[in-house]
There are 2 protein chains.
Amino acid sequence: MDIRTLCLGLLTFGEATGYEIKKAFQDRMSMVYDASFSSIYPSLNRLTKEGLVSCRAESQSRRPDRKVYSITPAGREEFLKEIHNAPAADKFRSDFLATLMFSHLLQPGNVSRLIDNQIMDYRQKKDELSQGCGMKQSQSEQFLCGFGVTMYQAAIEYLEQNRHLIEAPAPVRAPAKQSVK
Amino acid sequence: MDIRTLCLGLLTFGEATGYEIKKAFQDRMSMVYDASFSSIYPSLNRLTKEGLVSCRAESQSRRPDRKVYSITPAGREEFLKEIHNAPAADKFRSDFLATLMFSHLLQPGNVSRLIDNQIMDYRQKKDELSQGCGMKQSQSEQFLCGFGVTMYQAAIEYLEQNRHLIEAPAPVRAPAKQSVK
DNA sequence: CGGAACATGTAATACGTTACATGATTAA
DNA sequence: TTAATCATGTAACGTATTACATGTTCCG
């Protein structure tokens with residue numbers, strides 16, 4: 001789902017400015033998506049051109065016009081259609097895990113440090129998410145939040161329980177010439 | 001980590017053609033990264049220009065030259081440097097979860113179907129990964145594989161145990177006018 | 001006085017994908 | 001005979017990011 005569609009979706013919760021949508025991304029979607037102003041503002045302009053949102057400009061003194069966007073019936077319909085499509089598969093990218101694929105090139109101490117840091121990272125993100133969870137109003141938000149917390153917890157436990165596998169590599173008896181295949 | 005760097009990394013396991021690197025991506029890295037020929041071939045050409053890999057062409061009859069790439073000392077050094085950098089944070093994108101954020105726009109039956117499908121999906125991916133796990137030779141590969149299996153399992157359990165939260169939304173007493181904020 | 005929050009936008013750039021182009025060999 | 005595997009590449013396109021551009025207001 002692209003930023004444009006997600007902006008449209010966020011507007012189903014009520015009208016908002018680009019600035020507020022950015023905050024909504026951070027507050028409610030940061031677990032699964034994020035967006036910068038440079039993708040939000042053009043998206044909003046495009047949605048307006050397409051007639052999927054309408055825009056009311058409030059002029060402010062010494063500041064850019066505050067542009068308040070609302071979803072139109074056409075926009076609502078479009079978004080409804082979108083969320084009835086089968087969702088694309090989850091995508092997970094991890095430089096941490098990718099690096100561990102090459103742990104044969106690192107010294108044991110470095111592998112340990114890498115894992116330590118990653119655990120601390122996961123812990124912190126989990127805590128941040130947990131804290132936010134309580135403040136969420138809707139069930140969906142709490143559900144998502146809980147999902148994130150669960151995932152982080154599982155990752156932490158896996159790392160703690162299995163790190164020895166790559167920290168103390170079992171000596172290979174007959175080190176065959178390796179190949180990519 | 002970009003495809004170019006990952007190609008360089010895969011070549012630390014031994015020489016390979018672009019075609020074989022594509023397979024390596026699928027076999028060993030699919031959990032955390034994937035790449036198409038259209039990003040691999042240009043990467044390899046660029047790495048060659050940069051002197052980080054060398055290329056030996058084997059001419060074949062009625063088929064494009066088989067180009068076998070090897071990492072050079074400079075390439076090895078470059079990659080070493082790369083994996084000693086602090087890894088970028090994990091990225092997780094989920095259209096499924098994003099869709100659930102908008103479950104207030106879906107009928108209960110659709111929410112249930114969505115979750116059912118997602119669980120089946122996760123189960124299948126977990127099984128595929130589990131199967132592959134046994135065949136992996138190196139500890140790092142088994143470690144990564146195990147990580148993936150653990151994550152899928154955690155996701156499945158969370159969905160099964162918490163789906164009722166969004167399948168049967170508790171009736172709101174005084175439905176306040178919602179807002180994005 | 002400094003930094004966060006408010007407020008919107010463009011330009012240049014990076015990174016990757018799908019579609020296009022071409023074709024032989026081998027196993028089911 | 002049909003699909004998979006082998007084998008390499010370019011062109012067009014999409015999508016998002018970082019850097020640039022420009023301020024005011026409010027809180028500590």
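Letters go in sequence order (proteins before strands), and every chain restarts at 1.
One interatomic measurement links the two molecules: CZ of B/Arg93 to C1' of C/dT17, which rounds to 17 Å at whole-angstrom precision. One can place CZ of B/Arg66 at 10 Å from P of D/dC6, the figure rounded to the nearest angstrom. Between the OH atom of A/Tyr41 and the P atom of D/dT17 there is a distance of 15 Å, rounded to whole Å. Across the protein-nucleic acid pair, A/Phe37 atom CZ and D/dC20 atom C1' stand 15 Å apart, rounded to whole Å. Per the geometry, CD1 belonging to A/Ile21 stands 13 Å off C1' belonging to C/dT8, to the nearest Å. Rounded to whole Å, the distance from CG on A/Asn45 to P on C/dT8 is 10 Å. In this structure, OH of B/Tyr19 is placed 9 Å from P of D/dT8, rounded to the nearest angstrom. Here the C1' atom of nucleotide D/dT5 and the CD atom of B/Glu20 are 12 Å apart, to the nearest Å.
If you check distances only, the side chain of A/Thr17 never reaches the base of C/dA7 with a donor-acceptor pair under 3.5 Å. With hydrogens and angles left out, the side chain of A/Ser38 and the base of D/dA16 share no donor-acceptor pair within 3.5 Å.
An OP1 or OP2 oxygen of C/dC6 is reached within less than 4.0 angstrom by a side-chain nitrogen or oxygen of A/Lys23. In terms of phosphate contacts, A/Lys22 brings no side-chain nitrogen or oxygen within less than 4.0 Å of OP1 or OP2 of C/dA5. In this structure, A/Gln60 does not reach the C/dC6 phosphate: none of its side-chain N or O atoms is under 4.0 Å from OP1 or OP2.
Across all non-hydrogen atoms, the minimal contact from B/Ser112 to B/Glu167 is OG-OE2, 2.6 Å. Contact record, B/Ser36 with B/Lys22: CA-NZ, 4.1 Å, taken as the closest heavy-atom pair. Scanning all heavy atoms of the two residues, the minimum distance from A/Ile83 to B/Phe102 falls at CD1-O, 4.1 Å. Scanning both residues, A/Phe13 and B/Met101, for their nearest heavy atoms gives CZ-O, 3.6 Å.
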With the criterion being N/O to N/O and under 3.5 Å, what pairs connect the protein with nucleotides 12-16 of chain C, and how long is each?
residue: C/dG16; atom: OP1; partner: B/Ile3; partner atom: N; Å: 3.3

Show me the protein contacts with nucleotides 24-28 of chain C, counting only N or O atoms at under 3.5 Å.
residue: C/dA24; atom: O4'; partner: B/Arg62; partner atom: O; Å: 3.4
residue: C/dT25; atom: O4'; partner: B/Arg63; partner atom: NH2; Å: 3.3

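Salt bridge absent: B/Glu82 and B/Arg4 never bring a charged side-chain N and a carboxylate O closer than 4.0 Å.
Evaluation of the salt bridge (charged side-chain N to carboxylate O under 4.0 Å, His left out) rule for B/Glu160 yields B/Arg123 as partners, not counting sequence neighbours.
Hydrophobic clustering, with ILVMFWY side chains joined whenever heavy atoms are under 4.5 angstrom apart, groups B/Phe96 together with B/Ile119.
Side-chain rings of B/Phe37 and B/Phe25 stay apart, their centers remaining 6.0 Å or farther from each other.
In this structure, a donor-acceptor pair under 3.5 Å is absent between the side chains of A/Tyr33 and A/Asp2.
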